[in-house]
2 protein chains.
Amino acid sequence: MNNKEKLRKAGLRPTKQRMIIADILLDGINRHFTAEILQNEINSSGNSMSIATIYNCLKKFRNCGLIKQIESSKDTAIFDTNINQHHHFLDEETGELIDIENDEVNLRKLPEIPQGYLNNGVEVLIKIKKQI
Amino acid sequence: MNNKEKLRKAGLRPTKQRMIIADILLDGINRHFTAEILQNEINSSGNSMSIATIYNCLKKFRNCGLIKQIESSKDTAIFDTNINQHHHFLDEETGELIDIENDEVNLRKLPEIPQGYLNNGVEVLIKIKKQI
DNA sequence: TTTTACTTTAAAATCGTTCTAAACTACTTG
DNA sequence: CAAGTAGTTTAGAACGATTTTAAAGTAAAA
Ligand SMILES: [Mn+2]
Ligand SMILES: [Mn+2]
Ligand SMILES: [Zn+2]
Ligand SMILES: [Zn+2]
């Protein structure tokens, strides 16, 4: 399935801008990135795009499940092209995130979900620190 | 140990402002809060304080281990008076966080820490969603 | 082809947070 | 106690990420 079809299937109009972003993000390679990093890649690809459009697209892509947004306390939103359930190492000093595939983690015991709620995904974050 | 002693032991001068915050935060009750929520509580207690001072104090308290800051992708920093290692439920709709005590979670298998790094704490986040 | 709804954009606005620099205060030393 | 000094508080400005605005542009529908 090509990117135009992926966008259509997600219910998004395949505009020029969304296609440029899809060509960069939906290449099957897993990466973590910010809006600014993406803008640099767009520029490097010979295109250019308003930062508002980049944020608009990222929000649409996220809401459609084409990308994920990572729960981390950085001021800057970090997105992830790995949409499979998985986990992360986080170097709090640098903010660097490293994927942990889902089968690398196994939970023996989980708490009961609060009344009236459903489990909507478990994320394990392993904070790491450079050895001195 | 009273709050003045706690601050001294943490290496912090017990200023008027830090004592006001300590009286609110260090009462043994576990809660999650933002700088703005704390400012409202300070105001309700009949005191007032510059927002810069509140941020200064929270940073000092965090660095001394008197409180923790939670890894969340919200724009607003969330602090936690529960300084024991523990985990959270997160309602992504509302941003509400609920504590999970450490012994409620048990990991059967953890991935190998990357070369040159040390494990600096494991956090489990269980995303939850209101039942419809 | 015309109409409609959706999208993009530059620029302004917003919002949480940090910085600045001057006034203030806790602690130290004499 | 009386300076001295190092750390702290503050209002307001600045900052940086993100969102809003409103006008122009484009994709899809009729
Ligand atoms: Mn923040
Ligand atoms: Mn943010
Ligand atoms: Zn990832
Ligand atoms: Zn907590």
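Letters go in sequence order (proteins before strands), and every chain restarts at 1.
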OP1 or OP2 of dC6(C) versus the side-chain N and O atoms of Thr15(A): is any pair under 4.0 Å? no
Pick the nucleotide of DNA chain C nearest each of Ile54(A) and Gln69(B); which residue has the one closer to the 5' end? Ile54(A)
Measure the distance from CD1 on Ile37(B) to P on dG16(C) and round it to the nearest whole Å. 11 Å
To the nearest angstrom, how far is Asp75(A) atom CG from dT19(D) atom P? 13 Å
Here the gap from Asn102(A) atom CG to His87(A) atom NE2, rounded to the nearest 0.5 Å, amounts to 4.0 Å
Contact class for Lys60(A) (heavy atom, under 4.0 Å): base, sugar-phosphate, or nothing? sugar-phosphate
Below 4.0 angstrom from OP1 or OP2 of dT10(D), is there any side-chain N or O of Thr53(B)? yes
Calculate, to the nearest 0.5 Å, the distance between atoms CD1 and CD1 belonging to Ile113(A) and Ile98(B) respectively. 9.5 Å
How many whole angstroms separate atom CE of Met19(A) from atom P of dT8(C)? 13 Å
Proximal nucleotide (of dG12(D), dT9(D), dC27(C)) relative to the Ala52(B) side chain: dG12(D)
Can you measure Glu36(A) atom CD to dA17(D) atom P for me and round it to whole angstrom units? 6 Å
In whole Å, I'd like the distance from the NZ atom of Lys16(A) to the C1' atom of dC6(C). 17 Å
Result of checking Asn63(A), Leu38(A), Thr53(A) against Leu58(A) for side-chain contact (heavy atoms from CB on, under 4.5 Å): Leu38(A)
Taking atom P of dT8(D) as reference, at what distance in whole Å does atom CE of Met49(B) sit? 14 Å
Please state how far atom CZ in Arg18(B) lies from atom C1' in dT8(D), giving the value in whole angstrom units. 6 Å
Between atom CD of Glu104(B) and atom CZ of Phe89(B), what is the distance when rounded to the nearest 0.5 Å? 8.0 Å
When you measure from the side-chain N and O atoms of Gln17(B) to the phosphate of dT10(D), is any distance below 4.0 Å, counting only OP1 and OP2? yes
Would you mind telling me which of dA11(D), dT9(D), dA26(C) lies closest to the side-chain atoms of Pro14(B)? dA26(C)
Can we say Arg31(B) and Glu41(B) salt-bridge, meaning some charged N sits less than 4.0 Å from an Asp/Glu carboxylate O? yes
Which nucleotide sits closest to the side chain of Thr76(B): dG16(C), dT9(D), dT9(C)? dG16(C)
So what does Lys74(B) hit on the nucleic acid, given a heavy-atom distance under 4.0 Å: a base, only sugar-phosphate, or nothing? nothing
Which nucleotide, dT19(D), dT7(C), dA11(D), lies nearest any side-chain atom of Lys59(A)? dT19(D)
Name the residue closer to the 5' end of DNA chain D, choosing between Arg13(B) and Ile51(B) according to the nucleotide with the nearest heavy atom. Arg13(B)
Rounded to whole angstrom units, what separation is found between the CD atom of Gln39(B) and the P atom of dT10(D)? 10 Å
Could you check which of dT8(C), dT18(D), dT10(D) has an atom nearest any side-chain atom of Asn56(B)? dT10(D)
